[in-house]
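Here is the structure we will look at, set down as structure tokens.
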Amino acid sequence: MATRKQTLHDAGVALEPDQQKVKPPPLYKVLLLNDDYTPMDFVIVVLEKFFRMRREQATVVMLKVHRDGRGVCGVFPRDLAVTKVEQVNEFAKRHQHPLACVMEEN
Ligand code: TYC
């Protein structure tokens with residue numbers, strides 16, 4: 001016997017969003033990697049400028065990267081994550097620091 005959903009489908013009635021089998025878009029972590037040369041103050045500026053962190057939060061994240069080798073700056077949809085990575089790497093290069101920003105699926 002046809003289900004109500006099937007009958008509605010056959011009649012061309014759109015499903016409610018929560019009935020559609022669409023996955024939410026994947027999110028990506030944007031991370032900073034530690035190095036031995038980029039000044040701590042520069043990393044803090046990057047976190048303030050590109051990730052809208054307050055100085056206190058930026059300092060916590062910078063020190064985590066310094067200690068652990070890497071740390072998360074934020075989680076974003078793919079296009080925004082790509083843009084953040086490009087902007088940070090370009091900014092670091094322009095200031096002649098080896099600071100590296102990368103992304104990975106969350
Ligand atoms: N390790 C650097 C230093 O001692 C500081 C630093 C922190 C560099 C975080 C990069 O993503 C980084 N000056």
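Indexing begins at 1, ligand by ligand and atom by atom, following the structure's order. The basis for the numbers below is simple: all heavy atoms, side chains too, and nothing from hydrogens, waters or symmetry mates.
Other residues, nucleotides and ligands contribute over 12 non-hydrogen atoms within 6.0 Å of the CZ atom of Arg94. For CD of Glu105, the number of neighbouring non-hydrogen atoms (other residues, nucleotides, ligands) closer than 6.0 Å is greater than 12.
In the candidate list Leu33, Thr38, Leu32, Leu33 is nearest to atom 12 (C) of ligand 1, counting heavy atoms. In this structure, of Asp36, Leu31, Asp35, the residue bringing a heavy atom nearest to atom 2 (C) of ligand 1 is Asp35.
Taken from NZ in Lys64 to SG in Cys73, the straight-line distance is 10.5 Å, to the nearest 0.5 Å. The CZ atom of Phe50 sits 11.5 Å away from atom CD of Glu86, with the distance rounded to the nearest 0.5 Å.
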In residues 33-49, what donor-acceptor pairs under 3.5 Å come from side-chain atoms, sequence neighbours left out?
| unit_1 | atom_1 | unit_2 | atom_2 | d |
| --- | --- | --- | --- | --- |
| Asn34 | ND2 | His66 | O | 3.4 |
| Asp35 | OD1 | Tyr37 | N | 2.7 |
| Asp35 | OD1 | Thr38 | N | 2.6 |
| Asp35 | OD1 | Thr38 | OG1 | 3.1 |
| Asp35 | OD2 | Thr38 | OG1 | 2.8 |
| Thr38 | OG1 | Leu99 | N | 3.2 |
| Glu48 | OE1 | Arg55 | NH2 | 3.3 |
| Glu48 | OE2 | Arg55 | NE | 3.0 |
| Glu48 | OE2 | Arg55 | NH2 | 3.4 |

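Set against the non-hydrogen atoms of Val65, the atoms of ligand 1 under 4.0 Å away are 9 (C), 11 (O), 12 (C). Less than 4.0 angstrom separates some heavy atom of Leu99 from each of these atoms of ligand 1: 10 (C), 11 (O), 12 (C).
Summary of contacts: the protein heavy atom closest to atom 6 (C) of ligand 1 is Asn34 OD1, 3.4 Å. Given atom 4 (O) of ligand 1, the protein heavy atom at minimum distance is His66 CE1, 3.1 Å.
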